[in-house]
Amino acid sequence: MRLFSVLFLLITLSIASCDDGDVIVTTFDFEDADLQYCGEPGDYVFYKINNEVSESLSLKLSTSDTLFIEADTTTYNLNGSGNFVNYRRYNGDVTSSYFCSSVPPASPTVDVEYLAEAGTATITTILDLDDNDGVPFVDSDDPLEEGYGDLDGDGIPNYYDFDDDGDNVPTLTELGENPDEPRNSDGEDNVDYLDTDDDNDGILTRNEDADSDLNPLNDVTNAEVGPDYLNPNVANETIVNEYRQHSYSLASNATVVLNDLVLENEAEEIVQETLVMGIIENAATGTITLTPIFSIED
Ligand SMILES: [Ca+2]
Ligand SMILES: [Ca+2]
Ligand SMILES: [Ca+2]
Ligand SMILES: [Ca+2]
């Protein structure tokens, strides 16, 4: 697994009162509040609730983007209609249903409200991708390490490629019984999960697949020896220029930062140069399946 560190910026707060007689009632104390969100493309709401003083800070985004599934940083302009920020104080405790229900609850009601129609909201999504193939991540570009290198050239870096050498036998299978000492069947060149001809008989493992079902494990001429791709005495070639389906797990973290925020109501305005709303852990989780496109390299 890759570990990511997130730099939390300090929140700067300045309050400019339009009327010297006003009592400033805002606390803006959201440091201990978790950032939460609900919604879907076209209608997202990010919010923080501090029920010690019954206040909330919320960001509404009407973007049609599907958030949290790609590693990127996207900035949205607050425009007062589809995209805006609210700070509110209520006459009682507020819950997530206030933000996430199609029919918001009748109570609490809003006592004080500020609206930001200008500024930006930036969402930075970081992905954690893992092939769960039994080989620990290594921070390296070396194509023989479980890092950013792409040994088989299928477009999937080794760290989330569950078949690192592209021979259609998954790495987890090729490691053998002791992942600390990966199996090397032919005793030569690379260990099996990094070797495209595991028995060194001159026929690529991928092509020791008599029934062309993209699984060399089930093509067995001599059961006592095992699959043909591990039997140096069987060298039958069936050209298979195709990869099997790959899968990897995805988990994302998303950080939401507001910049140049001007929250206004009739009485005063609150200026926030940079306000880190927070981070949503596991904003998206799931399994990605895809079949890499095969390109002939030899
Ligand atoms: Ca690869
Ligand atoms: Ca891998
Ligand atoms: Ca291999
Ligand atoms: Ca072979």
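Start at 1 and go down the list; that is how both ligands and their atoms are numbered.
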More than 12 heavy atoms of other groups within 6.0 Å of Asn178 CG | yes

Look at the N, O or S atoms of Ile156, main chain and side chain alike, and state whether any lies under 3.0 Å from the Ca ion (ligand 1).
-> yes

Checking side-chain contact (heavy atoms from CB on, under 4.5 Å) for the pair Phe294/Asp154: CA distance, chi angles, key distance, verdict?
-> CA-CA 7 Å; Phe294 187 90; Asp154 66 355; over 6 Å; no

Contact flag Asp150/the Ca ion (ligand 1), N/O/S atoms, threshold under 3.0 Å | yes

Vertex the Ca ion (ligand 4): angle to OD1 of Asp201 and OD1 of Asp199, to 10°?
-> 80°

Of all the N, O or S atoms in Asp192, which one sits nearest to the Ca ion (ligand 3)?
-> O

So does Arg88 pair up with Asp111, basic N to acidic O under 4.0 Å?
-> no

Below 3.0 Å, any N, O or S contact between Ile203 and the Ca ion (ligand 4)?
-> yes

Just by distance, with hydrogens left out, do Ser56 and Ser58 show a side-chain donor and acceptor under 3.5 Å apart?
-> no

Of all the N, O or S atoms in Asp197, which one sits nearest to the Ca ion (ligand 4)?
-> OD1

Give a yes or no on whether Tyr37 and Phe30 share a hydrophobic cluster (residues Ile, Leu, Val, Met, Phe, Trp, Tyr; joining criterion: side-chain heavy atoms under 4.5 Å apart).
-> yes

Quick one: report the N, O or S atom of Asp154 that is nearest to the Ca ion (ligand 1).
-> OD1

Is the distance from the Ca ion (ligand 4) to the nearest N/O/S atom of Asp198 under 3.0 Å?
-> no

Are Arg206 and Asp167 close enough for a salt bridge, meaning some N to O gap below 4.0 Å?
-> no

Tell me, which N, O or S atom in Asp165 is closest to the Ca ion (ligand 3)?
-> OD2

Taking the N/O/S atoms of Asp167 one by one, which is nearest to the Ca ion (ligand 3)?
-> OD2

Inspect the surroundings of CD in Gln245 and state if more than 12 heavy atoms from other residues, nucleotides or ligands are less than 6.0 Å away.
-> yes

Are side-chain N/O atoms of Thr274 and Asn259 paired as donor and acceptor at under 3.5 Å?
-> yes

Any N, O or S atom of Asp164 closer than 3.0 Å to the Ca ion (ligand 1) = no

Is the Ca ion (ligand 3) less than 3.0 Å from an N/O/S atom of Glu174, whether that atom is in the backbone or a side chain?
-> yes

Shortest-distance N/O/S atom, Asp195 versus the Ca ion (ligand 3) | O

Distance only, no hydrogens: is a donor on one side chain within 3.5 Å (strictly under) of an acceptor on the other, for Asp161 and His246?
-> yes

Here the N/O/S atom of Glu208 closest to the Ca ion (ligand 4) would be OE2

For the Ca ion (ligand 1), the closest N/O/S atom belonging to Asp161 | OD2

What N, O or S atom of Asp152 is found closest to the Ca ion (ligand 1)?
-> OD1

To the nearest 0.5 Å, tell me how far Tyr159 OH sits from Asp131 CG.
-> 10.0 Å

